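Since the model is a prediction, treat every value here as computed from it, not as a measurement. We count ligands from 1, going down the list as the structure has it; atoms in each ligand are counted the same way. All residue numbers in this chain count up from 1 along the given sequence.
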Amino acid sequence: MTIAVVASVDPLPPELADLWVAAWARAYPGIDFEARRGWLAERMAAMARDGTAILVGLVDGVPAGFVTVHPGTGWIDQMLVGLAHQGSGLAAALMDRAKAVAPAGLTLDVNADNARAIAFYRRQGFATTGTRLNEQGWTIALMAWVPPAPAPRRS
Ligand SMILES: CC(C)(COP(=O)(O)OP(=O)(O)OC[C@H]1O[C@@H](n2cnc3c(N)ncnc32)[C@H](O)[C@@H]1OP(=O)(O)O)[C@@H](O)C(=O)NCCC(=O)NCCS
């Protein structure tokens, strides 16, 4: 299995929309993510216009996940690995690339009950910096990664 991460010109390659619907439907079965395809397409297009990098993870050349990161603010709006490749290391490869795009630091928010995502972000060096309630009354955790301080120079 080969993993690669490439910057996408297309804000939302169709394969990624399918992966997004399937993965979120598994995580939150009570929500109709199929009905949110249009919302996702509009959001991704707006991010692309805003200069956000859309980084696509390829497994053996096939799109298998993606992360969005704004190079100026370090904001990650979307992060997703398709069900078939969760646990494969693709998520870490995507995050490595996001850190390279925004080396000064990254921020994101995540549903506080999304234990898998939070475990992944912690392993990636993110810490929880606060919480808020969203419009539906769900608790959202705010998380941030700051790059490690450089080692002191020896004289
Ligand atoms: C979040 C996501 C990108 C992480 O990618 P992944 O390939 O699943 O991540 P990994 O398997 O490398 O890491 C997940 C960690 O959670 C652990 N985990 C798995 N299921 C878990 C669960 N139900 N509860 C808690 N931890 C869990 C794994 O063991 C792993 O920890 P480890 O590295 O210490 O073993 C992916 O799961 C995903 O796309 N989920 C659906 C969309 C989503 O939630 N996106 C993030 C929104 S902010």
Point-to-point distance, once rounded to the nearest 0.5 Å, from CD1 of I140 to OG1 of T131:
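One gets 9.5 Å once the value is rounded to the nearest 0.5 Å.
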Can you tell me how the ring of Y121 sits relative to the ring of F126, calling it parallel under 30°, perpendicular over 60° and tilted otherwise?
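Geometry flag for F126 against Y121: tilted rings.
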Listed once per pair and sorted, the side-chain hydrogen bond (donor to acceptor under 3.5 Å, both in side chains) pairs that draw on residues 7-18, sequence neighbours left out
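Qualifying pairs, neighbours excluded: D18-R37.
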Amino acids in close contact with ligand 1, where any non-hydrogen atom sits under 4.0 angstrom away:
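Heavy-atom contacts below 4.0 Å: W24, M79, L80, V81, Q86, G87, A91, D109, V110, N114, A115, R116, A117, A119, F120, Y121, R123.
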Under the side chain to side chain donor-acceptor pair (under 3.5 Å) test, which residues partner E42, sequence neighbours left out?
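Side chain to side chain donor-acceptor pair (under 3.5 Å) list for E42, sorted by chain: empty.
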Sequence-distant partners of N134, side chain to side chain donor-acceptor pair (under 3.5 Å), two or more places apart:
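Side chain to side chain donor-acceptor pair (under 3.5 Å) list for N134, sorted by chain: Q136.
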Are Y28 and W138 close enough that their ring centers fall under 6.0 Å?
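Under 6.0 Å, so yes.
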